[in-house]
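Not measured: the values here are computed from a predicted model.
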Amino acid sequence: MKKTCEVAIVGSGFAGSLLARVLAVLGYDVVLLERGTHPRFAIGESSTPLANLSLERIGLRYGLEDCYQLATHGRWVARFPELRRGLKRGFTFYRHHPHQPFANRGLDSERLLVAASPHDSLSDTHWLRADVDHHFVRQAVAAGVDYRDRVEISAVDISSGGVRLTGQREGEAIELATDFVIDASGPSGFLAKQLSIPSGLDHTQTRSALVYSHFDGLRSMSDIVPGLPDGPYPDDWAAVHHLMDEGWMYSLRFDHGVTSAGFLLTPKGLSSLSSSAGNGAVRLWDRLVGRYPTLAELFAAATPTMPIAFLPLIQHRLTRAAGENWALMPHAYAFVDPLFSTGIAWSLRAVERLATAFEKAKGGGRVPDSETLARYDSQLAKEADQIDLVVAGAYEAMAHFDLFAAQAMLYFAAVSYAEASQRLKPGDAVAWNGFLGVGDSVLESLPHESLRRLRGIRNSSSEIGTPDDRRIFAEWIRQVIAPRNIAGLADSTRHNLYPVDFDALIEGHALLGMTRDKLIEALPALRGMTPQPSFA
């Protein structure tokens with residue numbers, strides 16, 4: 001193993017491997033270290049339009065054709081059919097009640113669908129991480145990255161002169177001197193321990209446990225509950241969310257028939273389901289599925305492809321994300337909850353930021369300067385707070401579906417506005433734009449105020465609030481998102497079924513700072529009608 005390098009990245013998930021590859025393309029000498037081996041199981045599987053935009057930008061900026069092709073389901077299937085994935089047309093939500101089947105009340109059903117793409121070819125994807133992460137590792141190696149697996153780092157010494165990593169690989173001692181180290185190893189990463197970075201978890205709001213696996217033979221909601229009014233896409237080909245008293249469940253279908261599924265449980269919900277010792281995860285899973293008849297039908301013939309696992313707390317948060325000669329990737333720094341599929345998009349945004357920081361540094365000291373690292377640290381802190389507030393508000397709102405559907409509009413208004421802005425007005429600085437409305441004069445303060453109002457409803461009347469409470473909250477959401485609502489959201493006439501609405505986008509042209517004619521001229525970029533770039 002080589003003794004020196006310019007950049008060492010610890011952790012070879014998609015974010016660490018992709019960043020290593022980009023830096024190698026930029027001419028940096030990069031070592032990528034991995035504790036385990038590939039292929040390996042990982043969760044965090046659902047992409048979004050903002051994730052795909054980052055992947056496209058990375059592909060175009062650094063000449064990485066596979067990144068561009070993997071940014072839509074249609075291009076992925078055409079160019080990389082061997083990498084397993086799933087079609088994700090949007091976000092589907094159902095509200096279930098204990099011991100009652102899901103009720104088909106037509107357009108008044110407790111059901112919310114928000115489309116993320118106009119058709120399948122431009123769709124987002126669920127990533128089978130074992131395949132995708134392994135692909136990015138192989139591509140990093142092909143780009144010249146020195147990749148070493150089965151490495152245990154035991155000590156880190158960081159000084160103004162650089163970084164020294166020591167550890168072992170298969171029983172043999174290793175020592176590596178580098179100018180800069182990036183921790184992409186995920187929660188409780190090695191840098192947090194070695195630098196004794198204090199936890200910031202006490203300052204966050206969201207708490208949830210997770211019980212999860214992959215399953216064969218899962219039935220579809222369209223089979224179990226036939227006759228639901230048509231939505232903007234088939235309900236099951238989405239990130240499906242089953243909301244319930246104890247928390248919620250995700251269901252992500254892959255094209256080859258496997259489904260990733262997991263329950264996220266609040267502390268109160270978990271305590272109401274406490275299982276006996278011995279095979280606790282399976283007992284917990286069975287109790288949850290058995291409590292909700294429609295879920296029991298969905299999983300009646302399903303079998304796990306791996307043991308059902310349980311994590312008692314999935315949240316973590318640190319108080320620093322960067323310093324002299326080091327930086328953390330987002331999930332080494334903080335993780336909130338998978339409720340709105342923020343993980344892949346946030347990680348890829350960080351890849352872009354650190355890549356541009358090293359680009360800027362190439363002509364000087366070849367490592368990001370203190371001002372850039374301070375900006376990176378500050379941005380991640382604000383964004384972790386924002387994700388936490390949006391998700392915490394959604395958990396507060398789950399008690400009543402009307403409250404949840406209104407709260408969800410905050411997320412969808414922020415991301416749809418950001419997607420349209422980035423596609424219609426691209427620029428080099430877009431990677432540093434705040435995530436989920438951070439830095440936006442309209443959106444930034446809304447998650448905090450929304451959480452305050454939702455807790456006020458719960459504390460002043462009842463957990464679900466009165467009909468007037470819920471109506472007033474929904475109307476407040478409609479009004480406060482209006483300056484950023486370019487997707488026709490929070491419209492009661494849609495009955496919680498939201499397609500990709502180009503007419504609403506055109507009507508909202510002024511909200512994007514564009515004339516009507518200029519926006520219409522730019523629409524092909526949103527409809528996927530622009531010519532495919534050349535990567536020759």
* To do: State which residues pass side chain to side chain contact (heavy atoms under 4.5 Å, CB included) with Asp183; sequence neighbours excluded, sorted by chain then number.
  => Ser185, Phe190, Leu191, Leu328, Ala332

* Mind checking what makes salt bridge (charged side-chain N to carboxylate O under 4.0 Å, His left out) contact with Arg138, not counting sequence neighbours? -> none

* To do: Walk me through it: do Gln422 and Tyr417 pass the test side-chain hydrogen bond (donor to acceptor under 3.5 Å, both in side chains)?
  => CA-CA 9 Å; Gln422 291 176 30; Tyr417 184 81; over 6 Å; no

* Asked: Can you tell me how far CZ of Phe215 sits from OG of Ser251, rounded to the nearest 0.5 angstrom?
  -> 9.5 Å

* side chain to side chain contact (heavy atoms under 4.5 Å, CB included) partners for Ala374, two or more places apart -> none

* To do: Tell me, with the steps shown, if Ser208 and Gln315 meet side-chain hydrogen bond (donor to acceptor under 3.5 Å, both in side chains).
  => CA-CA 7 Å; Ser208 54; Gln315 287 73 34; 2.7 Å; yes

* How are the rings of His135 and Phe80 set relative to one another: parallel (under 30°), tilted (30 to 60°) or perpendicular (over 60°)? -> perpendicular

* **Pairs satisfying salt bridge (charged side-chain N to carboxylate O under 4.0 Å, His left out), at least one member in residues 70-87, at least two apart** => Glu56-Arg75, Glu65-Arg79, Arg84-Asp131, Arg85-Asp255

* Is it the case that more than 12 heavy atoms not belonging to Gln532 sit under 6.0 Å from its CD atom? -> yes

* Structure fact -> OG (Ser347) and CE (Met329) are apart, to the nearest 0.5 Å, by 6.0 Å

* Please tell me if the side chains of Ile481 and Phe412 come closer than 4.5 Å, counting only heavy atoms from C-beta onward. => no

* To do: Classify the ring geometry between Phe93 and His241 as parallel (under 30°), tilted (30 to 60°) or perpendicular (over 60°).
  => parallel

* Structure fact -> Rounded to the nearest 0.5 angstrom, the CD1-CD distance for Ile486 and Glu419 is 8.0 Å

* side chain to side chain contact (heavy atoms under 4.5 Å, CB included) involving Ser450 - partner list, sequence neighbours excluded -> Gln407, Leu410, Leu454, Phe473, Trp476, Ile477

* **Trp127 and Phe14 aromatic ring geometry - parallel, tilted or perpendicular at 30°/60° bounds** => perpendicular

* Asked: Is there a donor-acceptor pair closer than 3.5 Å between any side-chain N or O of Ser17 and the backbone N or O of Ser12?
  -> yes

* Asked: For the residue pair Ala238 and Tyr233, what are the closest heavy atoms and their distance?
  -> CB-CE1, 3.6 Å

* Please list, chain by chain and in numerical order, all residues satisfying salt bridge (charged side-chain N to carboxylate O under 4.0 Å, His left out) with Asp66, sequence neighbours excluded. => Arg21

* Asked: Who passes salt bridge (charged side-chain N to carboxylate O under 4.0 Å, His left out) against Asp157, sequence neighbours left out?
  -> none

* **side chain to side chain contact (heavy atoms under 4.5 Å, CB included) involving Ser121 - partner list, sequence neighbours excluded** => His119

* To do: Could you walk me through whether Arg61 and Glu352 pass salt bridge (Lys or Arg N to Asp or Glu O under 4.0 Å), step by step?
  => CA-CA 10 Å; Arg61 187 179 187 99; Glu352 289 189 272; over 6 Å; no

* **Nearest heavy atoms of Leu165 and Ala8, plus distance in Å** => CD1-CB, 3.9 Å

* To do: Enumerate the residue pairs fulfilling salt bridge (charged side-chain N to carboxylate O under 4.0 Å, His left out) with a member in residues 431-440, sequence neighbours excluded, ordered by first and then second residue.
  => Asp440-Arg484

* Show your reasoning for whether side-chain hydrogen bond (donor to acceptor under 3.5 Å, both in side chains) applies to Glu45 and His214. => CA-CA 12 Å; Glu45 300 147 314; His214 280 186; 2.7 Å; yes

* Asked: Going through the distances and angles, do Ile43 and Tyr212 end up as a side chain to side chain contact (heavy atoms under 4.5 Å, CB included)?
  -> CA-CA 9 Å; Ile43 53 176; Tyr212 65 97; 4.0 Å; yes

* Say whether, by atom type as modelled, one donor and one acceptor occur between the side chain of Ser123 and the main chain of Lys88 under 3.5 angstrom. => yes

* I would like to know whether Thr204 and Asp388 meet side-chain hydrogen bond (donor to acceptor under 3.5 Å, both in side chains); could you show each step before the answer? => CA-CA 7 Å; Thr204 64; Asp388 178 45; 4.7 Å; no

* Structure fact -> So the salt bridge (charged side-chain N to carboxylate O under 4.0 Å, His left out) pairs with at least one residue in residues 305-320 (sequence neighbours excluded) are Arg317-Asp385

* Centres of the Trp248 and Phe263 rings: under 6.0 Å? -> no

* To do: Please name all residues satisfying salt bridge (charged side-chain N to carboxylate O under 4.0 Å, His left out) with Arg366, sequence neighbours left out, ordered by chain then number.
  => Glu6

* Asked: Would you call the rings of Tyr147 and His38 parallel, tilted or perpendicular if under 30° counts as parallel and over 60° as perpendicular?
  -> tilted

* Asked: Has the side chain of Asp377 got a donor or acceptor atom that lies under 3.5 Å from a matching backbone atom of Ala321?
  -> yes

* To do: Could you grab the distance from atom CG of Leu83 to atom CZ of Phe136, nearest 0.5 Å is fine?
  => 8.5 Å

* Asked: Which heavy atom of Leu373 sits nearest a heavy atom of Trp326, and at what distance?
  -> CD2-O, 4.3 Å

* Can any side-chain N or O of Asp146 pair as donor or acceptor with the backbone N or O of Val30 at less than 3.5 Å? -> no

* Atom CD of Glu152 and atom CZ of Arg150: how far apart are they, to the nearest 0.5 Å? -> 12.0 Å

* Asked: Does a side-chain N-to-carboxylate-O contact under 4.0 Å join Arg148 and Glu34?
  -> no

* Can you measure from CZ (Arg129) to CZ (Phe41) and round to the nearest 0.5 angstrom? => 9.5 Å

* Structure fact -> salt bridge (charged side-chain N to carboxylate O under 4.0 Å, His left out) pairs touching residues 184-193, sequence neighbours excluded, are none

* Between Glu371 and Tyr376: side-chain donor-acceptor atoms closer than 3.5 Å -> no

* To do: Search all heavy atoms of Ser416 against all heavy atoms of Leu489 and return the closest pair with its distance.
  => OG-CD1, 4.2 Å

* **From CA spacing to verdict: side chain to side chain contact (heavy atoms under 4.5 Å, CB included), Phe180, Leu354** => CA-CA 12 Å; Phe180 199 94; Leu354 289 173; 5.6 Å; no

